[in-house]
K.L.:
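Below are the structure tokens for one structure; questions will follow.
When a residue number appears, it is its place in the shown sequence, counting from 1.
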Amino acid sequence: MNESEIARICKALGDENRVQIIKMLTGGELCACKILDAFDITQPTLSHHMKILTDCSLVTARKEGKWTYYAINCETVSDFKDAVSQFTCRPSPAEKTAGKCCCKDC
């Protein structure tokens with residue numbers, strides 16, 4: 001996963017409603033109407049949020065008749081977790097000597 005993809009996902013997760021939608025989808029695929037019921041927002045606002053989540057590939061969408069069903073894209077989530085896990089914390093010399101570092105590596 002490249003830096004642009006990581007940044008797009010981080011930007012998508014920068015909204016509380018979208019984080020809550022992702023949490024809801026961890027339970028499995030949901031119809032847009034079920035997602036909408038959980039929020040005090042309009043359908044166009046939900047569509048906006050879902051477009052952002054699908055554009056960065058965190059969520060997949062499938063149409064069935066007039067309904068749209070959303071699910072987490074497990075491959076993207078796994079790739080994102082792997083990318084973020086590469087971020088490491090290295091304490092400054094002052095933190096090391098003060099014993100204030102929170103890293104396991106110190």
K.L.:
Among all residues two or more places apart in sequence or in another chain, which pass the side-chain hydrogen bond (donor to acceptor under 3.5 Å, both in side chains) test with Glu3?
P.N.:
none
K.L.:
Which value, rounded to the nearest 0.5 Å, describes the distance between Ile21 atom CD1 and Met50 atom CE?
P.N.:
5.0 Å
K.L.:
To the nearest 0.5 angstrom, please state how far the CG atom of Asp79 sits from the SG atom of Cys74.
P.N.:
11.0 Å
K.L.:
Supply the atom-to-atom distance His49 NE2 to Ile22 CD1, rounded to the nearest 0.5 angstrom.
P.N.:
12.0 Å
K.L.:
Could you work out, with side-chain contact (heavy atoms from CB on, under 4.5 Å) as the rule, every residue matching Asn2, not counting sequence neighbours?
P.N.:
Ser4, Glu5
K.L.:
Quick one: list whatever passes side-chain contact (heavy atoms from CB on, under 4.5 Å) with Thr26, sequence neighbours left out.
P.N.:
Ile72
K.L.:
Which other residues belong to the hydrophobic cluster containing Ile52, where Ile, Leu, Val, Met, Phe, Trp and Tyr are joined when side-chain heavy atoms lie under 4.5 Å apart, directly or via other members?
P.N.:
none
K.L.:
Are there more than 12 heavy atoms of other residues, nucleotides or ligands under 6.0 Å from atom CG of Asp82?
P.N.:
yes
K.L.:
Atom CG of Leu53 and atom CD1 of Ile35: how far apart are they, to the nearest 0.5 Å?
P.N.:
9.0 Å
K.L.:
Could I get the full list of side-chain contact (heavy atoms from CB on, under 4.5 Å) partners for Thr54, not counting sequence neighbours?
P.N.:
Val59, Ala61, Tyr70
K.L.:
Hydrophobic cluster membership, with links at side-chain heavy-atom distances under 4.5 Å among I/L/V/M/F/W/Y: are Leu30 and Tyr69 in one?
P.N.:
no
K.L.:
Write out all pairs satisfying salt bridge (Lys or Arg N to Asp or Glu O under 4.0 Å) with one or both partners inside residues 68-78, taking only residues at least two apart or from two chains.
P.N.:
none
K.L.:
State which residues pass side-chain hydrogen bond (donor to acceptor under 3.5 Å, both in side chains) with Thr76; sequence neighbours excluded, sorted by chain then number.
P.N.:
Asn73
K.L.:
Are any of the side-chain heavy atoms of Leu13 and Leu58 separated by less than 4.5 Å?
P.N.:
yes
K.L.:
Should Trp67 and Leu25 be regarded as members of a common hydrophobic cluster, given that ILVMFWY residues are connected when their side-chain heavy atoms come within less than 4.5 Å of each other, either directly or indirectly?
P.N.:
no
K.L.:
Scan for salt bridge (Lys or Arg N to Asp or Glu O under 4.0 Å) pairs involving residues 12-39, sequence neighbours excluded, and state none if there are none.
P.N.:
Glu29-Arg62
K.L.:
List the residues meeting side-chain contact (heavy atoms from CB on, under 4.5 Å) with Cys10, not counting sequence neighbours, and say none if there are none.
P.N.:
Ile6, Phe80
K.L.:
Check side-chain hydrogen bond (donor to acceptor under 3.5 Å, both in side chains) between Ser47 and all other residues, then give those that pass, not counting sequence neighbours.
P.N.:
Gln43
K.L.:
Suppose we screen for salt bridge (charged side-chain N to carboxylate O under 4.0 Å, His left out). Which residues come up paired with Asp55, at least two apart in sequence or across chains?
P.N.:
Lys51
K.L.:
What are the two closest non-hydrogen atoms of Cys56 and Arg8, and how far apart are they?
P.N.:
N-NH2, 3.9 Å
K.L.:
Who pairs with Ser85 by side-chain hydrogen bond (donor to acceptor under 3.5 Å, both in side chains), at least two apart in sequence or on another chain?
P.N.:
none
